Amino acid sequence: MNQANELKDTLNLPQTNFPMRANAVEREPERLKHWEEIELYDLVQKKNASGDTFVLHDGPPFTNGDVHVGTALNKTLKDSILRYKAARGYRTPYIPGWDCHGLPIEHKVTKKLRKEKADLDALSVRKSCAEFSASFIETQRSQFKRLGVLADWSREYRTMHPSYEAEILRTFASFVDQGLVYRSKKPVYWSIPCRTALAEAEIEYQDHVSPSVFVRFKIIDEDHESYVVIWTTTPWTLPANLAIAVHPREHYIEIKHGGKSYWVAEKLADSLIDTLDLAGATKGARKAGSDLCHWKTQHPFIDRLSPILTAEYVTMESGTGCVHIAPGHGLDDYLTGKEHGLDVYCPLSDSGCYEDDGMIPSELVGVSVLEKATGCPANDEVIRILESTSSLLAKQSHHHQYPHCWRSKTPVVFRAMDQWFVALDKDELRSRCIDAIEDVSFTPDWGRNRIRGFLESRPDWCISRQRSWGVPIPVFYDEEGEPLLSTELINFLANRIEKEGTDAWFSLSEEELLKGFDLPSEWKGKTLTKGTDTLDVWIDSGCSHRSVLKNLDDLVWPADLYLEGSDQHRGWFQSSLWTGMIAYDHAPYKRILTHGFVVDGDGRKISKSDGKPQTADSYIKKYGADVLRLWVCSEDFRRDIPLSDEILGQVVRSYRTLRNTLKFQLGTLHDFDPNNHLVPVEDLDLIDRWALFKTAELIEDVTRAFDAYEIHKAVQLINRFCSGVLSSTYHDVIKDRLYTLHAGDPKRRSSQTAIYLIFDSLVRLLGPLTPFTADEGWSFLQSGESFSTDPLLLQSWPQAHPSWLDSEIVADAEIILKLKESHINESLENLRSEKKIGQSLDAEVEIRFPSTETIAEVLSRRSLDLAEFFIVSSVVLIADDNEPKITVSAKHASGIRCPRSWRWVPQLVSVEPWGEVSPRCADVLSRNS
RNA sequence: GGGCUCAUAGCUCAGUUGGUUAGAGCACCGUGUUGAUAACGCGGGGGUCGGUGGUUCGAGUCCACCUGGGCCCA
C-alpha cells in the first residue's frame, strides 16, 4: 500500500449500509410486512388518539378489475394527505370502501353465465356477481396495500354488505318519508325478444337500413292548405307523435307548390324540393323557428293536435329541420316533452305490439314493431296508412348505425316505462342543495361552480333500474299495479335485510317478506306482488357518509374531506349531497378536492388500444411504489396528469437524487452519537447555521404547500433543496472538514449536528411522499438498520426551532455564498479552462475591494472562513480604495500540496509513520495515534 | 353540439394586486474531479409565455375570438 492509500485510511470518509439502490420491487414488500407486524395503522391511531379528528372519507372504487393507474393516483393522494395530517397530530381514521353493485359487473357475469349455459335467474346472477365483486376486492386490496396505502382494512365498507344495504334502504325510506318519491314514465332501451330493459352498455351499434319517410302535418287555422314537413326513420313511432320541434334561431321557409305550402328549414329547402319532387316550387314567407312555435298541426291519421315546439338540439344536417316528437320513444323527445308538459305517451306492450288505448287506429292494434328479416310490420302498416291519407310526401331507404340488443341481436326500441323518481324541487330541496355548496370549500375553487351547474340542470332523479345486481326497491303492487310504498315497510324490510342480505328479497315469497308487518288496513286482503326493480347504484355509494361516518362511533359527520377525480362532480359528490341534504339537511363534506385524469405524454387520454399498461401493478412491478407515488406527488393534480416513460424516467432520476442525498448524510453520521456529540445550535459554525436556516425555510414552505394541498410544490421545493442547498453548496463545503479533521473536532461535530438535524427533518418531510424510503432512512438514522420498532410515521412533522431561523446570524454566509456564485466560481472556471488547475483546492483567490464596499466588513470579519466557503487553498483579502468595486483573481496556489488534505500549504511537516503532511493534518494524525 | 376546465423551455413545475433582459429542478452540451463514483462540482445552450386581435404608457398576468387537450353531458 502506498502512502496515499494509507493516508486515505486516516480520513473520516462516509460509511453507511444504506443501499445506493432502492431495489424497491423486492424490498418494499419487506417493509410492508414489517408495518403489518407492528400494526402501524393502529399505532398511529393510538398515538394521535387525543388529537383533533381529520376524516377523509373514501370514495369506493368499483370492484370490476385490477387497480387502474388513475385509481392509484387517487389513493396515493389520499394516503399522502393522511400521512401528513397524522404527522401533524391529527387523529386520522381512514375506512376504505368498495362499490360492488352495478351493471358492468352484472353484464360481465351474465356474459360468462350465458357462455356456460348456466341459469340466468336473478338469484343465480346475483350470486355470481357477489363472488365476482368479492374476488376483486381481494385483488384491489392487496394492490392498494402494495402501493403503501395505510388504512383500517379490518373495518372496510362494501356496498353489498347486508348492513350497508340496510342503510341504503333506510336512506330510501327517508326519501319516501318526505314524499319525494313518485312514479312516472320514462323511455328506456327495450329488447322485445328478451322482454327486458337494456342499459347503454348492453347496446351494440350495427349497420341498419331503415325506411326514411317525409310526412306532412297540416297546420290548422290557416286559410289555405299549409303543412309542416317532418322526417323520421322510425315510422312506427308516428302513432305516438305528440309534437313537432323546430330550432328557435334557425330560419324556416314556405315552399309553395300546387296551391299548397310546405314549411321546412331554409337551409334544407333546396334539397327537399328535389327529394319531394316539387318541380316548379317557389319560395314564400320566411320565419324564425321561434315564430313558428305557437302553430298547431293536425296529426296525419289520429284525431289529435301536434303543436310546434322549439328545441336546441334540432340540426340542419338532414331531414327537414322539423323533428317529430314522441316523448315515449326517445330521450330527447322525452326531455322536450317534459319541458313543454306533454304526456309520456307510449302505446306499446312488453311484447312490442300496439295496444288498444282508444287512440291507436284499429288496423295497428296488435301489430308488432319488432324488425324481422321480412321487415317491420308496424313500419309497413304506418306507411300504408300515411299513403292512404296522402300524408306521405316521400319515402327512401336510410343506412345508419342503429342500436341492437347484445343478446338477441335485434334492433332495440325506445319505450317509456314506469320508473321511480325522486322529486328534486319539492320543499326547496334543489335550492337548499345549491346553498349548502356555498359552505363547502373546493380545491380547485371552480369545483363549486361545476357542481352547481349539475345541481341546477339535472332533472328529477330516476332511481329505478330494471336490473338484478343491486339493492331492490322494496315496493309491492296490487292486482291493479298500484304500488304500496311506505316508510314503515321499508324500514321494516331494512332491519330484515340487515340480517339476511338483499338476496332475501329475491328468494322469499311476498308472504314471507311481509310476515310480521302490520299492513295498512286498505291493503289487507289484497294480492301483493313484489317489484323487480333495483335502485340506481349512485344511491349505493351516495349514502356511504351515512353507512360509514354516522355508524362508526369514532368517525365524524360531515367528513373533513372528499377527494376524487373531477368526474365525481356529477357522480358521487352530487349523489352524496342529495342524500345528505334529504336525510340531514347538510352537505356530508366540508371540503371537496378533485384531481384530473391520467393522460399520456401528449396530453391525450390513455386507452387500452395504445397497448400501454394501465394497471397500477404494472408500474409498481417495474418501478416500485415510491417512484410511482413520487410521480403522483410531482404533478399538479388539479389538471390533467401526464404519464409517459420519459416522465417516469425523470421521476426515477429525482428519486435517485433524493436517495443519494440521504445516503451521503447517513454516511457522514457514521460516528456521530446525538446523545454525546450534539452541539447546541447557538454554538454551531456559520455554514452549519446557514444550512439549518435554509432547512427551516424548507420546512415552512413545504408545510405551506401541504396545507394548500399543493403537494407538487412540496416535491419541487425538496428537489431544489437537495441540489441547490445541500449538494452544490453545503455538502460540498463541509466535506473537507468532515473528512480531514479529527473525528471529535468541534467544527466537525458542528457540521454533523446540522446534518443530523437536517436529515431528521428531510426524512420527515418525505414521509408522506415516499413513505418506504423515508421510513428506511429514518430507521438507519435511529439504528443503522433497515427497520426500526419506532417507525417514521409515529414521529411528528418536522418543526424548525426558532434558533434555526435567525436570519441575522446567517446574513454573512448569504453574502459570502453570493460572492462565490457571482465572482469566485467564474474565476476558478477560467483558470480551469486554461488547464492551470483541476480541482478548486489547487487555487488561491485574491479579493480586492474598496473599503467602502458594503461587504468589506463581512469579508474582514470572516476572513478565516473564506477558503473553506470557496473550497480553495487560500484567500487573500486586499483592501484597496483605488479599486472601484470588488475584483476577484484566482491563480494556482503556491506552496506544496498536502497529500492528505489536498490543500496547498507553505510547508509540510513530517509525522511518523505517514510522512509529510500539512501542519493541520499532522496535528490530526498525532492525536489519532 | 352544450357545460366546466387546461395550454409558460425537451420533461415536471414557479411566476404575487399587469411594470426593468420570463425563473427553478431534471434532461442536454462542454468540463473538472475520482475521498458521495451506477455519484459530485463548475460552465453553457435552450422558451416571448398555444394563436389572433384588443384594453393599457406597459400584459405570460386583463378582455374577445380562434386552435388543441381533458372531464361530464347531448
Side-chain angles (χ1 to χ4, degrees), chain A residues 4-5 7-16 18 20-21 312-315 317 331-332 335 444 446-454 456-458 565-571 574 594-606 630-631 633-636 638-642 644-657 659-668 710 712-713 715-724 726-729 731-733 735-736 738-740 820-821 824-833 835 837-842 871 900-902:
Chain A
N5 275 340
L7 278 173
K8 183 174 170 180
D9 294 337
T10 71
L11 298 169
N12 294 301
L13 294 179
Q15 290 174 30
T16 176
F18 186 80
M20 176 59 224
R21 297 196 48 163
E312 294 285 336
Y313 61 82
V314 174
T315 68
E317 271 148 38
L331 207 53
D332 276 336
L335 292 171
W446 48 256
R448 177 185 291 109
N449 190 18
R450 187 160 188 204
I451 198 170
R452 191 196 291 120
F454 288 125
E456 285 169 346
S457 66
R458 83 165 291 163
S566 63
D567 55 334
Q568 299 305 331
H569 284 109
R570 182 188 159 79
Q574 206 198 146
T594 53
H595 56 78
F597 277 68
V598 178
V599 295
D600 67 18
D602 299 323
R604 291 171 193 281
K605 68 168 138 195
I606 50 176
L630 192 58
W631 161 69
C633 293
S634 321
E635 300 285 348
D636 182 352
R638 294 165 296 194
R639 39 199 201 213
D640 298 333
I641 300 124
S644 66
D645 291 339
E646 181 185 10
I647 292 166
L648 280 173
Q650 177 183 314
V651 174
V652 166
R653 284 187 293 272
S654 70
Y655 173 79
R656 283 205 195 114
T657 302
R659 197 169 173 88
N660 195 243
T661 303
L662 298 181
K663 180 175 191 275
F664 175 75
Q665 294 202 327
L666 283 171
T668 65
E710 294 179 317
H712 65 289
K713 288 192 182 172
V715 173
Q716 299 253 345
L717 285 162
I718 291 171
N719 283 342
R720 206 182 330 159
F721 178 80
C722 285
S723 71
L726 296 181
S727 194
S728 68
T729 308
H731 289 170
D732 211 26
V733 166
K735 269 191 282 187
D736 176 76
L738 288 171
Y739 296 172
T740 66
K820 182 183 180 187
E821 214 177 313
I824 310 291
N825 283 344
E826 189 189 1
S827 43
L828 290 178
E829 187 60 21
N830 289 339
L831 215 53
R832 196 173 287 127
S833 57
K835 302 288 177 199
I837 59 165
Q839 54 177 340
S840 58
L841 278 176
D842 294 340
I871 319 180
R900 184 169 179 275
S901 68
W902 294 343

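Here is how names work: the chains are called A, B, and so on, in the same order as the sequence lines, proteins then strands, and each is numbered from 1. Remember, predicted model here, so these are calculated numbers, not experimental data.
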Open item on the list: Base of B:rC71, side chain of A:R570 - is there a donor-acceptor contact under 3.5 Å?
Closed with: no
Open item on the list: Under 4.0 Å, counting only non-hydrogen atoms across every strand here, what does A:S727 touch: a base, just sugar-phosphate, or nothing?
Closed with: base
Task: A:D636 vs A:R638, salt bridge (charged side-chain N to carboxylate O under 4.0 Å, His left out): CA-CA, chis, key distance, verdict - done: CA-CA 6 Å; A:D636 182 352; A:R638 294 165 296 194; 2.9 Å; yes
Open item on the list: Once you apply a heavy-atom cut-off of 4.0 Å, does A:N660 come out as touching a base, just sugar-phosphate, or nothing?
Closed with: base
TODO: Please confirm whether the backbone N or O of A:H712 pairs with a side-chain atom of A:S634, one donor and one acceptor, at under 3.5 Å?
DONE: no
Open item on the list: If you compare every side-chain N and O of A:H731 against the phosphate oxygens of B:rA39 (OP1, OP2), does one of them come in below 4.0 Å?
Closed with: no
Open item on the list: Can you say whether a donor on the side chain of A:T668 sits under 3.5 Å from an acceptor on the base of B:rA36, or the other way round?
Closed with: no
- [ ] Please indicate whether A:E821 has more than 12 foreign heavy atoms, meaning atoms of other residues, nucleotides or ligands, lying under 6.0 Å from its CD.
- [x] no
- [ ] Would you confirm whether A:R900, through its side chain, and A:T10, through its main-chain N or O, come within 3.5 Å as a donor-acceptor pair?
- [x] yes
TODO: Describe the nucleic acid contact of A:D640 in one word from base, sugar-phosphate, nothing, applying a heavy-atom distance below 4.0 Å.
DONE: base
TODO: Pick base, sugar-phosphate or nothing for A:Q650, based on heavy-atom distances below 4.0 Å to the nucleic acid.
DONE: base
Open item on the list: What's A:R448 touching, base or sugar-phosphate or nothing? Going by heavy atoms closer than 4.0 Å.
Closed with: nothing
Task: Closest-nucleotide ordering on RNA chain B, the 5'-leading residue of A:V599 and A:K713 - done: A:K713
- [ ] For the side chain of A:N825, starting at C-beta, report the closest nucleotide among B:rC4, B:rG43, B:rA39.
- [x] B:rG43
TODO: Scan nucleotides 27-32 of chain B nucleotide by nucleotide, 5' to 3', and note B when protein non-hydrogen atoms come under 4.0 Å of the base, S if they reach only the sugar-phosphate, - if neither.
DONE: S--BSS
Open item on the list: Using only atom types and a distance under 3.5 Å, with no angle test, would you say the side chain of A:T661 pairs donor to acceptor with the backbone of A:C722?
Closed with: no
Open item on the list: Does A:I647 reach a base, just sugar-phosphate, or nothing at all? Heavy atoms under 4.0 Å.
Closed with: sugar-phosphate
- [ ] Using a heavy-atom cut-off of under 4.0 Å over every strand shown, decide if A:P444 touches base, sugar-phosphate, or nothing.
- [x] nothing
TODO: For A:R639, report the nucleic acid contact type (base, sugar-phosphate, nothing); a contact means any heavy atom under 4.0 Å.
DONE: sugar-phosphate
- [ ] Indicate yes or no: does A:D732 engage A:K735 in a salt bridge with an N to O separation below 4.0 Å.
- [x] yes
TODO: Assign A:K735 to base, sugar-phosphate, or nothing according to its heavy-atom contacts below 4.0 angstrom with the strands shown.
DONE: base
- [ ] Looking at every strand, decide which applies to A:G603 at a 4.0 Å heavy-atom threshold: base, sugar-phosphate, or nothing.
- [x] sugar-phosphate
Open item on the list: Classify A:Q665 by what it touches in the nucleic acid, base, sugar-phosphate, or nothing, heavy-atom distance under 4.0 Å.
Closed with: nothing
Task: Residue closer to the 5' end of RNA chain B, A:Q716 versus A:M20 (nearest nucleotide) - done: A:Q716
- [ ] Identify whether any heavy atom of A:W902 sits under 4.0 Å from a base atom; if not, whether one sits that close to sugar-phosphate; answer base, sugar-phosphate or nothing.
- [x] base
